[in-house]
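So the structure is just underneath, and the comments pick up after that.
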Amino acid sequence: MAKLEKRYDFVLYFDVKDGNPNGDPDAGNLPRIDAETGHGIVTDVCLKRKVRNYVQLTRGNAAGYDIFVKEKAILNNEIEEVYADLGIKADSKNKAKGDDVEKGRVGMCKKFYDVRTFGAVMSTGANAGQVRGPVQLTFARSVEPVVTFEHSITRMAVATAEEAEKQGGDNRTMGRKYTIPYGLYRAYGFVSPHFASSTGFSAEDLDLLWEALVQMFEFDRSAARGLMTTRRLVIFEHNSALGSKPADELFSRIKAELTGNSPARDFTDYTISLDGKPLSETKTVVTL
């Protein structure tokens, strides 16, 4: 595995059409929206979930590419399994201490792609400490304010005989579905070679991350999320581990402008440019 020696900053654009990109369970699963500005929001946790799902789907059980935070996982059991592989007796009652915690942390990074990429708090159960991941993502925010549509939906069936009796055999169940007609979202990301050296995050792992960010929506389709697509991934590759320019200065070079219909209803209504030149490729690498 090649060591990561350079810093990277990146911008991710993705869009949603007639779907709910990230529902808020505390608000009846309504799309997340900034109440003051009306801009749509997608959390970093949601985006990392997509990356995890892509790696799990495409790498399967390949050594070193297991996923720690996966659906229906029991995290303490995962930690105990790593300690068992290391020959260390540690569980929820007999927690690891001292040097064993560091061994457990290294073992978790080696086994789980998402731990060495995003980091994890693993001080529960047998205790494998904490890992600060080299890859960090921000919330995604829509380029323009978005609106939420509420749709009434009908299921031509009921769940129980009692419901059918109340409806006189009509057997209908009414519900609600929330969508955003269209929204283009922008998120920022950062890759630190310093933290990569402590987790074992390699150049090969970084290539997989870029692959996942471009392809993640293609393998995560849902009627609730409508049509979601990665539109542009712009990667700034610095010439050293410390970097050559501030991230904010680099990000300001990228503009997304509404050049078509207003309000926008398709990606073709926008033009995304770098230093004033429109970007036509999904993935662009800028070497500094």
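Small disclaimer: the values here were computed from a predicted structure and weren't measured.
- The 12-atom threshold is not exceeded at CG of Asp99, counting heavy atoms of other residues, nucleotides or ligands nearer than 6.0 Å.
- Between the CZ atom of Phe195 and the CG atom of Leu4 there is a distance of 13.0 Å, given to the nearest 0.5 Å.
- Cluster annotation: Tyr113 is connected to Val214 through the hydrophobic network of ILVMFWY side chains, with a link wherever side-chain heavy atoms come within less than 4.5 Å.
- A salt bridge between Lys48 and Asp44 is present, with a side-chain N of the basic residue lying under 4.0 Å from a carboxylate O of the acidic one.
- Asn76 and Ser92 get closest at one heavy-atom pair: ND2-OG, 4.0 Å.
- In the model, Glu211 has a side-chain atom that pairs as donor or acceptor with a side-chain atom of Tyr54 under 3.5 Å.
- Residues Phe118 and Val131 do not share a hydrophobic cluster, clusters being chains of Ile/Leu/Val/Met/Phe/Trp/Tyr side chains in contact below 4.5 Å.
- A distance of 14.0 Å separates CG in Leu57 from CE in Met216, rounded to the nearest 0.5 Å.
- Rounded to the nearest 0.5 Å, atoms CG (Asp9) and CD1 (Ile235) are 11.0 Å apart.
- The backbone N or O of Thr43 lies less than 3.5 Å from a partner atom in the side chain of Asn22, making a donor-acceptor pair.
- The distance from atom CD1 of Ile180 to atom CG of Asn20, rounded to the nearest 0.5 Å, is 6.5 Å.
- The closest side-chain heavy-atom distance from Phe112 to Glu78 is below 4.5 Å.
- Other residues, nucleotides and ligands place no more than 12 heavy atoms under 6.0 Å from the CZ atom of Arg132.
- Side-chain atoms of Arg253 and Val286, non-hydrogen and from C-beta on, do get closer than 4.5 Å to each other.
- Between Asp114 and Gln56 there is no side-chain heavy-atom pair separated by less than 4.5 Å.
- Atoms OG and CG, on Ser273 and Leu279 in that order, are 7.0 Å from each other to the nearest 0.5 Å.
- Residue Glu281 qualifies as open at atom CD: its count of foreign heavy atoms under 6.0 Å is 12 or below.
- Using a 4.5 Å heavy-atom cutoff, the side chains of Ile79 and Val82 are not in contact.
- A distance-only check finds no donor-acceptor pair linking the side chain of Glu218 to the backbone of Gln215 [under 3.5 Å].
- The minimum heavy-atom distance linking Pro21 with Gly19 is given by the pair CD-O, 3.6 Å.
- Taking the side chain as every heavy atom from C-beta outward, Leu288 and Leu250 approach each other to under 4.5 Å.
- Taking 4.5 Å as the limit, every side-chain heavy atom of Arg231 sits out of range of all side-chain heavy atoms of Tyr270.
- Side-chain atoms of Lys255 do not come within 3.5 Å of backbone N or O of Leu274 as any donor-acceptor pair.
- Under the salt bridge (Lys or Arg N to Asp or Glu O under 4.0 Å) criterion, the residue pairs touching residues 185-207 are Arg116-Asp205, with sequence neighbours excluded.
- Residues Leu227 and Phe267 do not share a hydrophobic cluster, clusters being chains of Ile/Leu/Val/Met/Phe/Trp/Tyr side chains in contact below 4.5 Å.
- Taking the charged nitrogens against the carboxylate oxygens, Arg105 and Glu102 do have a contact shorter than 4.0 Å, which makes a salt bridge.
- At least one donor-acceptor pair closer than 3.5 Å links the side chain of Arg225 to the backbone N or O of Asp220.
- Within the 3.5 Å criterion, the main-chain N or O of Ser244 finds a donor-acceptor partner in the side chain of His238.
- Annotation: Lys110, atom NZ; neighbour count of heavy atoms from other residues, nucleotides and ligands within 6.0 Å does not exceed 12.
- Considering only heavy atoms from C-beta on, Ile67 comes within 4.5 Å of Val55 through its side chain.
- Here the shortest heavy-atom pairing between Val143 and Ala256 reads CG1-O, 3.9 Å.
- Smallest separation of non-hydrogen atoms from Lys177 and Ala224: CE-CA, 4.2 Å.
- Cluster annotation: Val106 is not connected to Val115 through the hydrophobic network of ILVMFWY side chains, with a link wherever side-chain heavy atoms come within less than 4.5 Å.
- Under a 3.5 Å cut-off, the side chain of Asp266 and the backbone N or O of Asp269 do not form any donor-acceptor pair.
- Not one N or O on the side chain of Tyr182 forms a donor-acceptor pair closer than 3.5 Å with the backbone of Val146.
- Residues satisfying the ring-ring contact (aromatic ring centres under 6.0 Å, His included) test with Phe251, not counting sequence neighbours, are Tyr188, Phe190.
- Atom CD of Glu81 is separated from atom CD1 of Ile74 by 10.0 Å, given to the nearest 0.5 angstrom.
- You'll find the side chain of Thr37 stays beyond 4.5 Å of the side chain of Pro145, heavy atoms only.
- Using a distance-only test at 3.5 Å, with no hydrogens or angles considered, a donor-acceptor pair links the side chain of Asn127 to the main chain of Gly129.
- Dense packing is recorded around CD of Glu249, with more than 12 heavy atoms of other residues, nucleotides or ligands lying under 6.0 Å away.
- Hydrophobic cluster membership differs between Ile33 and Ile41, with clusters built from Ile, Leu, Val, Met, Phe, Trp and Tyr side chains linked at under 4.5 angstrom.
- Between Asp18 and Thr179, the side chains place no donor N or O within less than 3.5 Å of an acceptor N or O (distance only, hydrogens not considered).
- In this structure, Phe68 and Ala73 approach most closely via the heavy-atom pair O-CB, 3.8 Å.
- Judged by distance alone, the side chains of Arg7 and Ser192 never bring a donor and an acceptor atom under 3.5 Å apart.
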